[in-house]
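Right, one structure below, let's go through it.
The structure presented is a predicted model; accordingly, all values stated were derived computationally and were not measured.
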Amino acid sequence: MSTAQIAFLKGHGTENDFVIIPDYDGRLELSPTAVARLCDRRAGIGADGVLRVVRSAAHPEALGMADEAEWFMDYRNSDGSIAEMCGNGVRVFAHYLQRAGLVEEGDVAIATRAGVRGAHIAKAAPDGTPGEITVAMGRAVLPDGDVTVTVGERSWPARNVNMGNPHAVSFVDDLADAGRLLDAPAVAPAAAYPDGTNVEFVVDRGPRHVALRVHERGSGETRSCGTGACAVMVAAARRDGADPAVLGHPVTYTVDLPGGRLVISESPDGTVEMTGPAVIVAEGVLDASWFVRATA
């Protein structure tokens, strides 16, 4: 691929923001260094992560999903590390596909490292505001074993929830208890999360209504985390005795994040759905010489 024309877009889902790189045929090599420099908020474009848009048939990690999903979301954290999934990223990715004319409103399947995720793009509002996007996030896995999260000298019990990526969910009295979240909170035992974890601090706002702050593995504190909101909903439902499998009907929680609001539902069969907005705010072309230096 010529470095003279590397297009990018900037988007966000409840202020969890991304650099979007269209690379349909998988020709662009994105090194961890390049990703980190793209996400640098002073010397790059600035983002919590990078969404590379690749045809599943053109990417070795997605080739086996090509019959189910034409498009693969190659997601990278802002430090350049590879992540299995990003819930807000899936919504932004789906919105990009629609905006680019690659899919229509309605249902679309998206390949991720955590498997294929189905998304539904609602119709746009009469004023042109893009419709909200609902993503089928799969089923939560709740590993056994006690987990503890520590910030400074304070510790809290946490619920281990896996939404295709790992989470430690702690219920606290005040969101300020999480501290600055510049560094990852300590989580024990380390064996519970061999590849690290996202950590959510949660408070109650009302019946089936919670708010959270999150430290995302590889990105630090972010304004929103879609998989984190899902993990929090599942943990809250279990804490509240509202397991859909036991009740026999879906359970829905409103989840407030620093960057906005998501609505999370879990069905009796364990399927979790997330609904929220996605926004594209800008597009442009990377400077070729800068990109060459960034990838060196």
Side-chain angles (χ1 to χ4, degrees), residues 12-16 85-92 94 114 117-122 131-143 147 149 156-178 181 185 197-217 221-278:
H12 74 90
T14 51
E15 298 183 11
N16 191 188
M85 244 294 284
C86 177
N88 289 318
V90 172
R91 295 201 320 278
V92 173
R117 296 290 184 263
H120 180 83
I121 305 170
E132 289 197 325
I133 297 173
T134 298
V135 179
M137 299 290 288
R139 293 175 174 82
V141 175
L142 301 171
V147 175
V149 168
W156 300 266
R159 189 70 187 255
N160 188 345
V161 183
N162 194 293
M163 288 299 311
N165 58 355
H167 298 268
V169 179
S170 288
F171 294 92
V172 297
D173 295 325
D174 192 309
L175 291 179
D177 291 343
L181 286 184
T197 186
N198 305 285
V199 182
E200 287 79 25
F201 296 86
V202 189
V203 296
D204 290 302
R205 291 286 189 243
R208 297 190 182 178
H209 184 183
V210 295
L212 68 86
R213 289 176 62 198
V214 57
H215 179 97
E216 287 199 60
R217 176 187 56 172
E221 182 173 15
T222 60
R223 298 282 293 169
S224 181
C225 176
T227 56
C230 294
V232 164
M233 179 270 158
V234 170
R238 302 305 185 273
R239 178 201 63 172
D240 297 341
D243 185 344
V246 175
L247 298 177
H249 58 75
V251 171
T252 299
Y253 276 67
T254 298
V255 181
D256 291 338
L257 307 106
R261 174 171 288 180
L262 296 171
V263 176
I264 314 296
S265 296
E266 185 182 12
S267 298
D269 68 358
T271 301
V272 178
E273 289 190 339
M274 170 190 61
T275 299

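Contact record, F171 with W156: O-CD1, 4.1 Å, taken as the closest heavy-atom pair. Of all non-hydrogen atoms in Y253 and H209, the two that sit nearest each other are CD2-N, 4.0 Å. Closest non-hydrogen pair, G13 versus V92, comes out as N-CG2, 3.6 Å. Counting all heavy atoms, side chain and backbone alike, T14 lies closest to S224 at OG1-OG, 2.6 Å. Of all non-hydrogen atoms in C225 and L257, the two that sit nearest each other are N-CD2, 3.6 Å. Minimum interatomic distance between A278 and I133 (heavy atoms only, all atoms of both residues): CB-CD1, 4.0 Å.
Within a 6.0 Å radius of CG in D174, other residues, nucleotides and ligands contribute more than 12 heavy atoms.
Considering CE of M163 and CD1 of I264, their distance stands at 8.5 Å, rounded to 0.5 Å. Between atom CD of residue E273 and atom OG1 of residue T252 there is a gap of 9.0 Å, rounded to the nearest 0.5 Å. Interatomic distance, CG of D177 versus OG of S170, reported as 10.5 Å (0.5 Å rounding). Note that CG of N198 and OG1 of T227 are 5.5 Å apart. Values are rounded to the nearest 0.5 Å. Rounding to the nearest 0.5 Å places CZ of R208 at 11.0 Å from OG1 of T254.
Annotation: side chain of F201 is in contact with side chain of V149 (closest heavy-atom distance under 4.5 Å). When side chains are defined from C-beta on, R159 counts as touching R238, because their heavy atoms get closer than 4.5 Å. Counting only heavy atoms from C-beta outward, the side chains of H120 and E132 never approach each other to under 4.5 Å. Residues T275 and L262 have side chains not in contact (no heavy-atom distance under 4.5 Å, counting atoms from C-beta outward). Contact annotation: the side chain of M274 never approaches that of V255 to less than 4.5 Å [non-hydrogen atoms, C-beta and beyond]. Inter-residue side-chain proximity for S267 and V251 is flagged as unmet; no heavy-atom pair is nearer than 4.5 Å.
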Walk me through it: do M137 and E266 pass the test side-chain contact (heavy atoms from CB on, under 4.5 Å)?
CA-CA 10 Å; M137 299 290 288; E266 185 182 12; over 6 Å; no
Show your reasoning for whether side-chain contact (heavy atoms from CB on, under 4.5 Å) applies to L142 and N160.
CA-CA 6 Å; L142 301 171; N160 188 345; over 6 Å; no
Before giving the answer on side-chain contact (heavy atoms from CB on, under 4.5 Å), spell out for V210 and D256 the whole-Å C-alpha distance, their side-chain angles and the decisive distance to 0.1 Å.
CA-CA 6 Å; V210 295; D256 291 338; over 6 Å; no
Test side chain to side chain donor-acceptor pair (under 3.5 Å) on T222 and E216; report intermediate values, then the result.
CA-CA 7 Å; T222 60; E216 287 199 60; 2.6 Å; yes
Test side-chain contact (heavy atoms from CB on, under 4.5 Å) on V172 and V202; report intermediate values, then the result.
CA-CA 6 Å; V172 297; V202 189; 6.0 Å; no
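Judged by distance alone, the side chain of H215 and the main-chain N or O of L181 form a donor-acceptor pair under 3.5 Å. A donor-acceptor distance shorter than 3.5 angstrom exists from the side chain of R223 to the backbone of P258, with no hydrogens or angles considered. The closest donor-acceptor contact from the side chain of R139 to the backbone of D269 lies under 3.5 Å. No donor-acceptor distance shorter than 3.5 angstrom exists from the side chain of R117 to the backbone of V135, with no hydrogens or angles considered. With hydrogens and angles disregarded, no donor-acceptor distance shorter than 3.5 Å links the side chain of D240 to the backbone of A242. Judged by distance alone, the side chain of T197 and the main-chain N or O of P166 form a donor-acceptor pair under 3.5 Å. Side chain of R213 to main chain of L175: a donor-acceptor pair is present (N/O by atom type, distance under 3.5 Å, no hydrogens or angles). A donor-acceptor pair is defined here as one N or O able to donate and one able to accept, closer than 3.5 Å; no such pair exists between the side chain of D204 and the backbone of G206. N88 places no side-chain N or O within 3.5 Å of a backbone atom of H12 that could act as its donor or acceptor partner.
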